[in-house]
Amino acid sequence: MTEEHQGGSRGWTAARKGVWSWLRFTSLRLRLVLVFGLVALTAAVSASGIAYWLNREAVLTRTQDAVLRDFEQEMQNRAGALSEHPTQDELQHTAGQMANSSQRFGVLLVAEDADGDTVYGSSGGLDGFALSDVPESLRTAVNKEQKLTSANKHPYHLYWQRITDDDTPYLVAGTKVIGGGPTGYMLKSLEPEAKDLNSLAWSLGIATALALLGSALLAQALATTVLKPVHRLGVAARRLGEGRLDTRLRVSGTDELADLSRTFNSAAENLEKRVADMAGREQASRRFVADMSHELRTPLTALTAVTEVLEEELEFEGEGGSFDPMVEPAVRLVVSETRRLNDLVENLMEVTRFDAGTARLVLDDVDVADQITACIDARAWLDAVDLDAERGIHARLDPRRLDVILANLIGNALKHGGSPVRVSVARADDEIVIRVRDHGPGIPEDVLPHVFDRFYKASASRPRSEGSGLGLSIALENAHIHGGGITAENSPEGGAVFVLRLPQDPSPPTDEDAGDDGGTGGVPDDGSRGKDAKGQV
């Protein structure tokens with residue numbers, strides 16, 4: 001694929017992610033647009049509905065009043081001029097004259113001739129406006145004689161009704177000539193008014209759509225104005241979370257977002273000061289521990305030499321040694337505590353190197369099985385450890401640091417779990433997996449989360465023991481510097497299992513040219529040292 005195609009693909013992917021982030025329902029921008037749109041739609045629909053209803057009533061009422069007024073006048077002038085028993089021709093002629101009024105409505109006149117027969121006269125001839133076109137309820141109301149009262153001076157009134165026939169609206173009205181005469185009905189088409197109202201409805205619909213579109217554009221503009229500072233605040237918070245404590249926001253204006261930016265800047269400044277203060281204290285603490293450890297090494301070297309001499313005297317005591325039996329326990333205690341103090345100082349120095357980031361790897365091609373065998377043999381654990389490892393599993397590791405890890409894990413298993421301890425090695429993908437399992441009671445569930453904590457001891461009632469509580473934490477740090485890790489769990493068959501995972505070729509950068517850091521890498525925390533003349537541990 002060419003660079004142009006790759007660039008185009010990346011651009012399309014970025015654009016697609018941008019559109020998707022804009023369309024997410026959790027997006028504040030989209031929610032603002034939706035809220036503005038709903039408000040505008042509600043307002044526009046309400047205004048359009050009210051305007052349509054008012055205009056509809058005004059148009060229909062105006063047309064209706066004009067038609068009814070004209071019809072009533074025609075009934076008085078023309079139908080009222082007829083005799084009480086007109087002929088059909090007279091009714092037909094009069095209906096035609098009435099239909100020629102300015103409102104152009106259809107007319108139907110109904111009366112009784114001299115023989116008592118009902119005769120009809122329609123402005124449209126025989127196929128025109130018929131009595132069947134008038135609703136029965138309207139005919140009943142028109143022909144019903146009203147009781148005369150002070151408020152009602154006429155027995156008959158004009159009644160009207162709107163109907164729809166074949167989707168065409170009509171106005172139908174009817175009344176009787178007062179004092180005797182024909183009954184007249186009027187039919188007026190409201191189709192022109194309906195077309196005008198439909199045009200008005202379309203206009204209001206278009207106006208509503210334009211209002212909705214305008215509100216969406218306005219919401220987008222406002223959202224951009226409002227969310228841009230929020231976006232900058234999010235970017236600044238993310239950079240602050242990444243450790244860039246010098247991040248600050250540009251403040252402009254006096255609104256709430258400006259106040260929020262000022263608050264963020266103040267919080268970031270205070271955080272930077274606190275972190276700098278804590279870093280200074282931590283650095284001073286590390287320097288103190290490192291300096292103290294270095295200062296203790298000189299007297300410890302002399303004490304170690306003296307204790308070795310005392311230890312030799314104790315070994316030959318049975319062959320005529322000169323120690324007073326009352327003094328011998330104190331001498332043994334001094335030898336043991338001096339050894340423990342020396343181990344503690346070495347562990348503290350190693351921890352200080354890890355904390356300061358000065359620990360380095362010196363990688364070499366290592367046969368893992370040979371390395372484990374050498375570790376076990378150097379500490380005289382051959383009888384207590386069952387090794388299941390094939391030769392030929394090679395990895396680029398730091399042999400000294402691997403020895404420290406193995407010594408701590410196996411020593412811890414022998415001390416707290418009991419023999420036999422089983423050590424197995426396997427290759428998984430690009431990793432070396434080393435399992436150390438004992439046959440003891442296992443690790444209590446409340447202790448499991450803390451087994452790699454510094455200075456942690458499972459038994460609070462025994463704060464003083466041979467170990468310092470640093471061995472497993474140093475083993476874990478040595479695994480981390482290789483790019484691996486250690487986990488602890490309880491085996492279903494009983495006993496604790498420590499699983500060490502190390503990459504065959506560590507990916508973290510190493511500094512082989514810098515040499516080792518000069519330390520021992522941490523001595524095993526179970527009190528084990530190298531094999532002495534008697535093969536004891």
Side-chain angles (χ1 to χ4, degrees), residues 42-80 94-110 122-124 128-178 181-209 211:
T42 303
V45 169
S46 300
S48 299
I50 294 173
Y52 178 79
W53 180 77
L54 292 175
N55 280 276
R56 179 179 181 275
E57 290 301 315
V59 169
L60 293 179
T61 301
R62 184 172 62 250
T63 302
Q64 173 182 296
D65 291 345
V67 171
L68 294 177
R69 187 167 54 249
D70 194 18
F71 174 65
E72 187 175 17
Q73 186 176 0
E74 291 291 328
M75 285 293 293
Q76 291 176 357
N77 296 336
R78 299 186 183 275
T94 302
Q97 288 180 331
M98 294 174 63
N100 289 329
S101 69
S102 60
Q103 295 298 327
R104 298 294 179 181
F105 43 72
V107 177
L108 173 65
L109 296 177
V110 182
S122 176
S123 61
F129 182 28
L131 189 61
S132 60
D133 296 328
V134 180
E136 184 177 355
S137 59
L138 181 62
R139 282 181 281 167
T140 302
V142 168
N143 293 314
K144 183 177 181 181
E145 184 177 359
Q146 303 291 328
K147 184 178 180 180
L148 297 177
T149 62
S150 58
N152 182 31
K153 306 222 180 262
H154 304 287
Y156 299 101
H157 296 275
L158 175 66
Y159 295 93
W160 59 269
Q161 185 176 347
R162 293 174 191 163
I163 63 173
T164 302
D165 186 15
D166 293 334
D167 296 330
T168 302
Y170 292 93
L171 175 66
V172 183
T175 188
K176 287 179 70 71
V177 175
I178 299 174
T183 301
Y185 294 98
M186 178 272 301
L187 181 67
K188 169 66 176 179
S189 174
L190 298 178
E191 187 174 5
E193 288 74 13
K195 289 182 178 179
D196 293 340
L197 291 175
N198 287 335
S199 299
L200 176 62
W202 274 103
S203 300
L204 292 176
I206 294 173
T208 300

Taking atom [atom1] of [X] and atom [atom2] of [Y], what is their separation to the nearest 0.5 Å?
X	Y	atom1	atom2	value
Glu145	Tyr156	CD	OH	4.0 Å
Leu138	Asp133	CG	CG	12.0 Å
Asn198	Glu193	CG	CD	11.5 Å
Leu197	Leu204	CG	CG	10.5 Å
Arg139	Ser132	CZ	OG	7.5 Å
Asp196	Thr63	CG	OG1	8.5 Å

Side-chain atoms of residues 65-77: list all donor-acceptor pairs with protein atoms under 3.5 Å, sequence neighbours left out, distances to 0.1 Å.
from: Asp70; atom 1: OD2; to: Ser101; atom 2: OG; distance (Å): 2.9
from: Glu74; atom 1: OE1; to: Arg78; atom 2: NE; distance (Å): 2.9
from: Asn77; atom 1: ND2; to: Gln73; atom 2: O; distance (Å): 3.3

Measure across [X] and [Y] and return the closest heavy-atom pair with its distance rounded to 0.1 Å.
X	Y	value
Ala44	Thr208	CB-CG2, 3.6 Å
Ser123	Ala99	CB-CB, 3.4 Å
Pro135	Val172	CD-CG1, 4.2 Å
Gly174	Val142	O-CG2, 3.3 Å
Ala51	Asn55	O-ND2, 2.6 Å
Lys176	Gly181	NZ-O, 4.5 Å

Any chance NE2 of His157 has more than 12 other-residue heavy atoms, nucleotides or ligands included, within less than 6.0 Å?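 Yes - once you tally the heavy atoms of other residues, nucleotides and ligands closer than 6.0 Å, there are more than 12.
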
Whether over 12 other heavy atoms sit under 6.0 Å from Glu57 CD: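 Yes - once you tally the heavy atoms of other residues, nucleotides and ligands closer than 6.0 Å, there are more than 12.
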
Note, Leu60 side chain near Leu190 side chain (heavy atom, < 4.5 Å):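 With C-beta onward as the side chain, the pair touches.
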
Quick one: does Gln103's side chain get under 4.5 Å of Met186's, heavy atoms only?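 Heavy-atom side-chain distance check fails, nothing below 4.5 Å.
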
Among Val110, Val107, Thr175, the one residue meeting side-chain contact (heavy atoms from CB on, under 4.5 Å) with Tyr185: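 Answer after filtering Val110, Val107, Thr175: Val110.
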
Run Leu108 and Leu187 through side chain to side chain contact (heavy atoms under 4.5 Å, CB included) and show every step you take. CA-CA 8 Å; Leu108 173 65; Leu187 181 67; over 6 Å; no

I'd like to know if the side chain of Ser122 reaches the main chain of Phe129, judged simply by a donor and an acceptor atom lying under 3.5 Å from each other, with no hydrogens or angles considered.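 Yes: the side chain of Ser122 pairs with the backbone of Phe129.
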
